[in-house]
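Numbers here simply count residues along the sequence, with the first being 1.
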Amino acid sequence: MKKLLLVLTTLFLVAGSVFADNETDEIFANMSSDELYEEQKTKTIKIVPENQHLEDKNAKVELEFNPMYDEVRVTYTTSFASYDQGEAMNTVLAVLQDFQKEHGYTKYRYLQTPRESSYIDKNAKPKRKYTVYFCYVQMVEKRNMKTVKTDAKEGSESAE
């Protein structure tokens, strides 16, 4: 009798765990696109632009885009000997303008001042890096701002 009870209990637990596993798989398979987007938007996307606007053949530009906060980190890297700050700044701004047009942003601001750093890469060659942090801001139409201001004035006059 005890052995029969033990066997039945074991079968019951095994069957329960199998069905529970199938139910959780169905839940994840039926996630809506909004839930999948929420899961994906916190990730940082690395982008290598097609048109890098480079004059230096040794240089390269990379973008790291965080869609949740609309932040972009642009990194310009070249050899230490051929580094020119003016060229780095112009290249970063040109790449940034292309990125703006592609994603529909109209205005940006600096999150930090641009940084320059030197390092030695894995091939024991000295390199120079220029990094800029930007945050994009969508512009509001001026017509909407005026209507909001006039509505606020009318509301304060009616209160008097």
Side-chain angles (χ1 to χ4, degrees), residues 18-157:
V18 168
F19 288 117
D21 189 37
N22 289 339
E23 288 177 12
T24 55
D25 290 342
E26 289 175 9
I27 290 171
F28 288 118
N30 295 330
M31 285 179 73
S32 69
S33 60
D34 292 335
E35 291 170 338
L36 290 174
Y37 175 73
E38 291 294 325
E39 193 174 292
Q40 294 293 325
K41 76 177 184 178
T42 57
K43 295 183 180 177
T44 301
I45 303 167
K46 291 191 177 193
I47 303 170
V48 177
E50 293 176 14
N51 185 2
Q52 295 199 355
H53 303 280
L54 296 173
E55 294 177 16
D56 184 4
K57 293 181 181 179
N58 298 324
K60 68 176 183 174
V61 177
E62 293 179 350
L63 286 97
E64 292 180 12
F65 177 55
N66 187 340
M68 183 173 184
Y69 300 109
D70 295 326
E71 293 178 357
V72 176
R73 178 182 4 192
V74 184
T75 305
Y76 173 91
T77 308
T78 188
S79 66
F80 189 82
S82 64
Y83 177 77
D84 179 27
Q85 183 183 8
E87 181 185 334
M89 191 168 35
N90 291 337
T91 302
V92 165
L93 290 176
V95 168
L96 191 65
Q97 287 174 350
D98 291 346
F99 183 81
Q100 259 179 280
K101 289 176 186 175
E102 288 177 16
H103 291 85
Y105 293 111
T106 54
K107 186 178 176 184
Y108 64 88
R109 63 183 171 90
Y110 288 91
L111 290 176
Q112 294 178 350
T113 57
R115 294 185 178 187
E116 296 177 348
S117 60
S118 301
Y119 67 97
I120 296 178
D121 68 353
K122 61 184 177 184
N123 298 327
K125 294 182 181 178
K127 297 278 187 175
R128 189 88 170 160
K129 187 189 300 187
Y130 180 80
T131 306
V132 185
Y133 290 95
F134 293 102
C135 182
Y136 281 102
V137 180
Q138 299 278 347
M139 287 194 62
V140 179
E141 290 182 85
K142 291 182 181 180
R143 286 183 278 142
N144 292 343
M145 290 175 63
K146 287 181 182 176
T147 58
V148 170
K149 288 181 182 178
T150 56
D151 290 343
K153 288 180 182 178
E154 290 172 5
S156 64
E157 291 174 1

State, with a plain yes or no, whether a side-chain heavy atom of Arg73 is found less than 4.5 Å away from one of Thr131. yes

Can Arg128 and Ser118 be counted as having a side-chain donor-acceptor contact under 3.5 angstrom? yes

Kindly write out the residues that satisfy side-chain hydrogen bond (donor to acceptor under 3.5 Å, both in side chains) with Gln85, not counting sequence neighbours, or none if the list is empty. Glu116

Other residues, nucleotides, ligands: >12 heavy atoms within 6.0 Å of Lys127 NZ: yes

Non-neighbouring partners of Glu71 that pass salt bridge (Lys or Arg N to Asp or Glu O under 4.0 Å), sequence neighbours left out: none

Using a 3.5 Å distance criterion without hydrogens, assess whether the side chain of Asp121 forms a donor-acceptor pair with backbone atoms of Lys125. yes

Any donor-acceptor pair under 3.5 Å from Asn51 side chain to His53 backbone: yes

Applying the side-chain contact (heavy atoms from CB on, under 4.5 Å) test to Val61, which of Leu54, Leu96, Thr77, Val92 qualifies? Leu54

Of Tyr108, Tyr105, Phe134, the one forming a side-chain contact (heavy atoms from CB on, under 4.5 Å) with Asp70 is Tyr105

Calculate, to the nearest 0.5 Å, the distance between atoms OG1 and NZ belonging to Thr75 and Lys46 respectively. 9.0 Å

The criterion is side chain to side chain contact (heavy atoms under 4.5 Å, CB included); which residues satisfy it with Ser79, sequence neighbours excluded? Asn58, Ser82

How would you list all residue pairs meeting salt bridge (Lys or Arg N to Asp or Glu O under 4.0 Å) that involve residues 74-101, not counting sequence neighbours? none

Determine which pairs satisfy ring-ring contact (aromatic ring centres under 6.0 Å, His included) with at least one residue from residues 78-101, sequence neighbours left out, and list them in order. Phe65-Phe99, Phe99-His103, Phe99-Tyr136

For residues 114-133, pull every pair meeting ring-ring contact (aromatic ring centres under 6.0 Å, His included), keeping only residues two or more places apart or in separate chains. none

